[in-house]
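What follows is a single structure, written as structure tokens, with notes after it.
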Amino acid sequence: MSKKIVILNGSPRKKGNTSALVKSFTEGAEASGNTVTEFFLGGMNIHGCRGCFGGHSSKDCPCVQQDDMNQIYPAVRDCDVIVLASPLYYWNMSGQLRTAVDRLFALEEGDGNLLRGHGRASALLMAAEGNGFEDVLLYYNHLMEHLKWENLGHVLAGGNGDIGDIDGKPELQKAYELGKSIQ
């Protein structure tokens, strides 16, 4: 049975190493008959969460702020799998991705929780110059526990500072296989 997959790509570079992981993952996921929708967050207008607790999950646009998250909310609401993709920035996800994840909280507020649980799953794709992924994995695992999403795994590609450094590396095949495994 085909799955609806949403990728939140938090890289600021459209053709960077994180995007190469996303491309490989997407090719694998689509080869298994899944539908993939990618949001390149670096090209979107998304403001930080205000912590106002004014969201209403039942609305088409659940947040009080009206920005490009309004494109993401319906896709997340209807998906089976959410992929978080990011370069490693100061031992965590990029600000672009963290901002979008924070804003997903509006789907937990108000009339009903449309984010936590619901049989969803998630995967993590990351590229980095170094290999210090411990802190981001701790955050990601806690996030999966809180959201009650199945953790499908991760592909962590260290040693990729410049655009194109990831070309030919085994992590691209791992990303493809992770995408292909979703059925």
Side-chain angles (χ1 to χ4, degrees), residues 1-11 17-41 44 46 49 55 57-58 60 62-63 69-88 92-94 96-110 112-128 133-157 166 170-183:
M1 182 174 176
S2 117
K3 304 275 186 186
K4 291 181 183 175
I5 301 171
V6 168
I7 300 175
L8 300 179
N9 184 345
S11 177
N17 297 311
T18 300
S19 293
L21 287 172
V22 167
K23 182 177 185 241
S24 290
F25 175 91
T26 298
E27 288 170 357
E30 289 176 343
S32 287
N34 298 300
T35 303
V36 179
T37 303
E38 178 186 354
F39 292 97
F40 181 74
L41 303 175
M44 299 178 79
I46 299 174
C49 180
S57 58
S58 64
D60 285 340
C63 185
M69 279 300 293
N70 291 344
Q71 299 169 40
I72 296 172
Y73 290 128
V76 167
R77 205 182 261 131
D78 294 337
C79 79
D80 304 296
V81 177
I82 298 172
V83 176
L84 305 179
S86 175
L88 185 68
N92 210 321
M93 297 173 189
S94 69
Q96 292 89 332
L97 183 55
R98 287 294 309 272
T99 298
V101 169
D102 287 351
R103 289 285 301 284
L104 288 177
F105 181 66
L107 290 172
E108 290 194 67
E109 297 181 285
N113 184 337
L114 299 178
L115 188 63
R116 220 174 317 152
H118 300 279
R120 286 197 185 95
S122 181
L124 177 66
L125 304 175
M126 295 194 82
F133 295 103
E134 296 84 8
D135 291 343
V136 72
L137 283 175
L138 182 64
Y139 168 77
Y140 178 74
N141 291 332
H142 283 306
L143 184 64
M144 294 303 99
E145 184 180 323
H146 169 77
L147 293 173
K148 298 179 179 10
W149 292 352
E150 178 187 356
N151 184 346
L152 299 175
H154 52 266
V155 177
L156 308 173
I166 199 168
E171 288 87 357
L172 292 176
Q173 184 63 32
K174 288 179 184 178
Y176 178 88
E177 294 300 330
L178 179 57
K180 191 168 174 67
S181 73
I182 298 171
Q183 299 181 7

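Heavy-atom basis, side chains included; hydrogens, waters and symmetry copies ignored.
Residue pairs meeting the salt bridge (charged side-chain N to carboxylate O under 4.0 Å, His left out) criterion with at least one partner in residues 79-88, sequence neighbours excluded, are absent.
Side chains of L124 and V83 form no contact here, defined as non-hydrogen atoms less than 4.5 Å apart. Looking at heavy atoms from C-beta onward, V101 lies in side-chain contact with Y139 at the 4.5 angstrom threshold. Side-chain atoms of M44 and I72, non-hydrogen and from C-beta on, do get closer than 4.5 Å to each other. Put simply, the side chain of V155 does not reach to within 4.5 Å of the side chain of M126, judged on heavy atoms. Looking only at side-chain heavy atoms (C-beta outward), M69 and C63 stay at 4.5 Å or farther from each other. At a threshold of 4.5 Å between non-hydrogen side-chain atoms, the residues I182 and I5 count as touching. Proximity of L8 to L104: side-chain heavy atoms (C-beta onward) are separated by under 4.5 Å at one or more points.
In this structure, a donor-acceptor pair under 3.5 Å is absent between the side chains of D135 and N92. No side-chain donor from either of N9 and T18 sits under 3.5 Å from a side-chain acceptor of the other.
Y176 contributes atom OH, which lies 11.5 Å from atom OG of S181 (distance to the nearest 0.5 angstrom). Note: Q173 CD to E171 CD = 11.5 Å, rounded to the nearest 0.5 Å. With rounding to the nearest 0.5 Å, the separation of CZ in R103 from SG in C49 is 7.0 Å. In this structure, CG in L172 is found 12.0 Å from CD in E177, a value given to the nearest 0.5 Å. Here I7 contributes atom CD1 and F40 contributes atom CZ; the two are 13.0 Å apart, rounded to the nearest 0.5 Å. Taking CG of L178 as the reference point, atom CG of L21 lies at 10.5 Å (rounded to 0.5 Å).
Judged purely by atom type and a 3.5 angstrom limit, S86 has no side-chain atom pairing as donor or acceptor with the backbone of M93. Side-chain atoms of N141 come within 3.5 Å of backbone atoms of L137 as a donor-acceptor pair (strictly under, hydrogens ignored). A donor-acceptor pair under 3.5 Å is formed between the side chain of E109 and the backbone N or O of G55. Side-chain N or O atoms of N34 include one that pairs as donor or acceptor with a backbone N or O of K3 at under 3.5 Å.
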Compile the donor-acceptor pairs under 3.5 Å between side chains in residues 112-123 and protein atoms, sequence neighbours left out, one pair per line.
unit_1 : atom_1 : unit_2 : atom_2 : d
N113   : OD1    : L115   : N      : 2.8
N113   : OD1    : R116   : N      : 2.8
R116   : NE     : E108   : OE1    : 2.8
R116   : NH2    : E108   : OE1    : 2.5
H118   : NE2    : N113   : O      : 2.7
R120   : NE     : V76    : O      : 3.4
R120   : NE     : C79    : O      : 3.3
R120   : NH1    : L114   : O      : 3.1
R120   : NH1    : L115   : O      : 3.0
R120   : NH2    : V76    : O      : 3.1
R120   : NH2    : R77    : O      : 3.0
R120   : NH2    : L114   : O      : 3.3
S122   : OG     : I82    : O      : 2.7
S122   : OG     : Y140   : OH     : 3.1

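The minimum heavy-atom distance between S2 and G33, with the atom names listed, is CB-O, 3.0 Å. Scanning all heavy atoms of the two residues, the minimum distance from S11 to P87 falls at CA-CD, 3.7 Å. Closest approach of G10 to L97, counting heavy atoms only: CA-CB, 4.0 Å.
With sequence neighbours excluded, the residues forming a side-chain contact (heavy atoms from CB on, under 4.5 Å) with Q96 are P12, L41, S94, listed by chain and number. Residues satisfying the ring-ring contact (aromatic ring centres under 6.0 Å, His included) test with F105, not counting sequence neighbours, are F53. Contacts of L138 classified as side-chain contact (heavy atoms from CB on, under 4.5 Å), with partners at least two apart in sequence or in another chain: H142. For N70, the side-chain contact (heavy atoms from CB on, under 4.5 Å) partners at least two apart in sequence or on another chain are C61, Q66, Y73.
Counting non-hydrogen atoms of neighbouring residues, nucleotides and ligands closer than 6.0 angstrom, the CG atom of D78 exceeds 12 such neighbours.
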